[in-house]
Amino acid sequence: MRKPYITIIDELSKFALSLFLLSVLVFTMSRLAPGDPLYSYYGDRVEKMGTQEQEAARERLGLHAPIPVQYVQWMKGALHGDFGISYKYKTDVKEVIADRIGNTLLLGGLGFVIIFVLALLLGLFCAWREDKAADRVVCGIGTVTSCIPEFWLSLVLILVFAVWLGWLPSSGAYSVGMERNPADRGSHLILPLAVVVLGHLWYYAYLVRNRLLEETRADYVLLARMKGLSGKQVLYRHCLRNAMPSYLSMMAIALPHILGGTYVVETVFSYPGIGTLAYESARYQDYNLLMLVSLMTGGLVIFGNMLARIINVWIDPRMSLKSGGMSGEVREF
Amino acid sequence: MKKGFPGISLAVLTIVVACCLACEIIMTKDPAYMDLANGNTAPCRTFLFGTDAMGRDLFSMIWYGGRVSLFIGFFATLISTVTAVLVGSVSGYAPAWIDGAIMWLTDIVLSIPGLLLTVFLQAVLGSAGAWGLAVVIGLTSWMSMAKVVRTEVLQLKNTDYVLAASCLGGGFFHILRRHLAPNFIPSVLFMVVMNVRNAIVAESTLSFMGIGLPVEVISWGSMLSLSENALLSRSWWTVLAPGIFLVMTLLCLTNLGNYLRKSGNKRHSNL
């Protein structure tokens, strides 16, 4: 059995290596994809520029060199904390992201906390009432919500609550001039948040339910029942406690998916967050911005996986780093 | 018939698939014809589900477009399943260091933002058609299944019959086909069904975001890509009609998948 700190050092070096490989992959992929970053910088003015002017612009943005040279250049800057400028916004990419990240953290973070608590409660409830009417109703509703694509749910919610009823705003993070008004921000947050929560909740609640049902079939439950504990007590004190490690490691994997997976919702609601930035930068070749956004979201995914493995080994040393707990989530679009 | 068999889901799914395949019989109008005089018409007797902003008949488009969406669902799943089985079983069967390396690379590929991977693959493949999109979706969705296959193969490869087969000189593909696959198929079968579902979701989401199928190629996703404008003109039917068909199909697939997953677990609760 290895000592825990060696495991952590091992994992951290793996994390750094993964991040490096990710940066190489994203850098190469973005530059190999067709499309001209000059459009991102100059817009349609590119068409009026002469060949020489275009070459000069490319030279100035450092786009003329071969890809490996460009990568080394980028890496040199990145190691000093300089990630270059965004072609579209013409400022330091860090500033562009700093402007937006609060909105995404608010949406994704709040969504994660709500999902974390609700999934546990719903899973417990369903496991307790297994195959009774209440469980079936919740499972039925849950399955339906998990089948609705996020973008369509967003559209329907906008249709009902913004267009028909007119209760809630349909887009943005705040009304003009109301940036600091919590009530206004809250009302802009309700619909996107509802979509984020409904889109993920049942996936996790159902896993909790099934994990708990596995536990209820173990032999120690018979023993505890024989001692005179009620079914509810066994469920809370023993089954839940046994299921917790795999729930925690599963939620560590879920964190980046929920935080970083908000771009569909952000796009439909025109919510100014990291997701909309990622979408723009990938589509319009805003290289430097794309690199930093990808490293942030990709790094978060790698970090979440690492955290999950460490949680597993920490709580239950019998589990080697190789085997996972509950299954991870599928990639989201 | 076993308890919990999703008969209704299977029936609905069969009807939807059959009707989409036989859409020529059902369609009341030409789905691609733009009747500009009747744009944004509410559902009525001529246009059963109404028309979109370009005057196309939604009822006909749903069946016609369903073909494309279902095709992408199945073809993408074929690609992702084959990839997952190959990667997963090679990784599980190979020595530990190769296994570690393959799984590590899989994790890195998983951490590339899906959006970027999609945009990139699409640019490389260079076509905005249904085939291209299916390949893109297939190539970006094999990872989870590969992990499950690998876990199963890890457990299977040390069983006596696999050892015996390899001692008798059985090659990797022989063992995969005769001994490994029959054992892990039940546990990945539900993932296959779920992959069909996820591929259909991916098609509609990508088309909606404007990086999937263009508006001229009719599918459930591209029909919905017009619906943001529809919200402004309050033509709710362009949002609801294709969406309800989409969700209904997804729901049937989910029920089928859950049934396949549950059929393995029959023990009783001790509570």
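Reminder, nothing fancy here: chain letters follow the sequence lines and each chain counts from 1.
Among L246(B), T151(B), L251(B), I200(B), the residue making the largest number of heavy-atom pairs under 4.5 Å with chain A is L251(B). Of the listed residues (T254(B), L250(B), L105(B)), the greatest number of heavy-atom pairs within a distance under 4.5 Å of chain A belongs to L250(B). With chain B as the partner, the residue from V301(A), L159(A), I158(A) showing the most heavy-atom pairs under 4.5 Å is L159(A).
For chain B, the nearby part of Y206(A) is the side chain; its heavy atoms alone come within less than 4.5 Å. The parts of V268(A) that come within reach of chain B are both its backbone and its side chain, each placing non-hydrogen atoms under 4.5 angstrom from that chain. Using a 4.5 Å cut-off between heavy atoms, L19(A) makes no contact with chain B at all. Both the backbone and the side chain of S146(A) come within less than 4.5 Å of a heavy atom in chain B. For a residue to count as touching a neighbouring chain, one of its non-hydrogen atoms must lie under 4.5 Å from one of that chain's; by this rule L25(A) touches chain B with the side chain only.
More than 12 heavy atoms of other shown residues, nucleotides or ligands fall within 6.0 angstrom of atom CG in L165(A). More than 12 heavy atoms of other shown residues, nucleotides or ligands fall within 6.0 angstrom of atom CZ in F15(A).
Between V149(B) and S89(B) the shortest heavy-atom distance is CG1-N, 3.7 Å.
Under a cutoff of 6.0 Å and an axis angle of 45°, R31(A) and F27(A) form a cation-pi pair.
Proximity of a side-chain donor or acceptor of E266(A) to a complementary backbone N or O of G275(A) within less than 3.5 Å is detected. With hydrogens and angles disregarded, no donor-acceptor distance shorter than 3.5 Å links the side chain of E280(A) to the backbone of L277(A).
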